[in-house]
Amino acid sequence: MSSYERFYEVVRSIPEGRVSSYGTIASLAGLPGHARQVGYALAALPDEHDVPWHRVVNVRGEVSTRRGGHTFERIQRVLLEDEGVPFDQRGRVDLSSVGWPEPPAR
DNA sequence: CTAGTGACTGTTT
DNA sequence: AAAACAGCCACTA
């Protein structure tokens, strides 16, 4: 089983209406310190999948910026808001209330 | 094999 | 609080 598959498994276990961070995903997958690889894995998602990638944000509660454009960022925000995840005025989610599995200490 | 790259993060300015 | 720095590590050319 590839490390990508392990990341995808963890992301699939994020409940609706909750979000997690890249670093958290890596740790839960048994690969602490591989946060960047989680982002890399999500960027390489195949066309057909059942991975709720939009529930993964960075540790600050922000939607991570892609190099290309802002298209996916807007989509991700809409998907989360549709699930009831609130964004503050700065465009960030409150990990202490919707973070999963636990609010990261910060 | 080396070098460049990136959906990251913790520490230090 | 925000930005710069510095580790991080798999993937690609």
Side-chain angles (χ1 to χ4, degrees):
Chain A
M1 187 181 200
S2 70
S3 55
Y4 281 18
E5 297 288 333
R6 302 176 65 134
F7 294 146
Y8 297 156
E9 271 306 304
V10 177
V11 176
R12 270 192 279 263
S13 67
I14 302 175
E16 183 178 321
R18 306 291 296 281
V19 301
S20 197
S21 74
Y22 300 90
T24 300
I25 301 299
S27 294
L28 290 178
L31 298 168
H34 290 223
R36 300 193 67 152
Q37 295 317 116
V38 174
Y40 200 100
L42 292 182
L45 271 174
D47 295 334
E48 312 245 332
H49 64 78
D50 57 344
V51 181
W53 58 272
H54 57 282
R55 295 183 191 143
V56 184
V57 298
N58 67 29
V59 77
R60 296 178 182 176
E62 322 172 292
V63 171
S64 292
T65 309
R66 266 78 143 188
R67 297 196 138 235
H70 296 152
T71 309
F72 288 98
E73 297 176 40
R74 281 176 306 169
I75 294 175
Q76 181 169 4
R77 173 162 178 162
V78 172
L79 287 173
L80 287 176
E81 290 180 325
D82 282 351
E83 291 186 355
V85 177
F87 280 76
D88 65 15
Q89 204 166 20
R90 293 173 182 167
R92 307 193 309 201
V93 302
D94 182 11
L95 289 181
S96 66
S97 61
V98 298
W100 178 89
E102 292 176 17
R106 191 168 260 263

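These figures come from a predicted structure and were not determined experimentally. Residue numbers begin at 1 in each chain, while the letters A, B, ... track the order of the sequences.
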Worksheet item: If you check the A/S21 side chain, which of B/dT9, C/dA10, C/dG7 turns out closest?
Response: B/dT9
Worksheet item: Base, sugar-phosphate, or nothing for A/Y4, non-hydrogen atoms under 4.0 angstrom?
Response: sugar-phosphate
Discussion item. Does a side-chain N or O of A/S64 approach OP1 or OP2 of B/dC8 to a distance below 4.0 Å, or not?
Written reply: yes
Response to the item:
Here the distance between atom P of C/dA10 and atom CG of A/L42, to the nearest Å, is 16 Å
Worksheet item: Taking the inter-plane angle between the rings of A/F72 and A/W53 on a 0 to 90° scale, is it parallel (under 30°), tilted (30 to 60°) or perpendicular (over 60°)?
Response: perpendicular
Item to complete: Could you tell me whether the side chain of A/I14 reaches within less than 4.5 Å of the side chain of A/V56, counting heavy atoms only?
Response: yes
Worksheet item: Can you check whether A/I25 reaches A/V11 side chain to side chain, under 4.5 Å on heavy atoms?
Response: yes
Discussion item. Between A/N58 and A/Y22, is there a side-chain heavy-atom distance shorter than 4.5 Å?
Written reply: yes
Worksheet entry | Atom-to-atom span, CD of A/E62 to P of C/dA1 - whole angstrom | 12 Å
Worksheet item: CG of A/L80 versus C1' of B/dA7: gap in Å, rounded?
Response: 13 Å
Worksheet item: Would the number of heavy atoms belonging to other residues, nucleotides or ligands and lying under 6.0 Å from CZ of A/F87 be above 12?
Response: yes
Worksheet item: Which nucleotide in the set C/dT12, B/dC8, B/dG10 lies at the smallest distance from any side-chain heavy atom of A/Y40?
Response: C/dT12
Discussion item. Classify A/S3 by what it touches in the nucleic acid, base, sugar-phosphate, or nothing, heavy-atom distance under 4.0 Å.
Written reply: nothing
Item to complete: Consider the side chain of A/Q37, meaning its heavy atoms from C-beta on, and name the nucleotide among C/dA10, B/dA7, B/dT9 that approaches it most closely.
Response: C/dA10
Practice prompt. Without swapping roles, check the side chain of A/E62 against the backbone of A/R92 for a donor-acceptor pair under 3.5 Å.
Written response: no
Discussion item. Taking A/E9 first and then A/R12, would you say they form a salt bridge - that is, a charged N and a carboxylate O separated by under 4.0 Å?
Written reply: yes
Response to the item:
Encoded 5' to 3' (Watson-Crick or G-U under 3.5 Å; [ ] crossing; | other strand), DNA chain C becomes .||||||.|||||
Worksheet item: Nearest to the side chain of A/R92, which nucleotide is it out of C/dA2, B/dG6, C/dC9?
Response: C/dA2
Discussion item. If I take atom NE2 in residue A/H34 and atom C1' in nucleotide B/dG6, what distance separates them, rounded to the nearest angstrom?
Written reply: 15 Å
Practice prompt. State, yes or no, whether a side-chain contact exists between A/P52 and A/L79 at a heavy-atom distance under 4.5 Å.
Written response: no
Worksheet item: Between A/I25 (CD1) and B/dT9 (P), how many Å, whole number?
Response: 10 Å
Item to complete: Could you please name the option among C/dA2, B/dT9, C/dC8 that lies closest to any side-chain atom of A/R36?
Response: C/dC8
Practice prompt. Would you kindly give the CG-to-C1' distance between A/N58 and C/dA3, to the nearest whole Å?
Written response: 15 Å
Fill in: Nucleotide B/dA7, atom C1' - distance to NE2 of A/H49 in whole Å
13 Å
Practice prompt. Name the nucleic acid region contacted by A/E73, choosing base, sugar-phosphate or nothing; use a 4.0 angstrom heavy-atom cut-off, strictly under.
Written response: nothing
Discussion item. Closest approach to the side chain of A/R60, judged atom by atom: which nucleotide of B/dA7, B/dC8, C/dA4 is it?
Written reply: C/dA4
Worksheet entry | Atom-to-atom span, CG of A/L31 to P of C/dC9 - whole angstrom | 10 Å
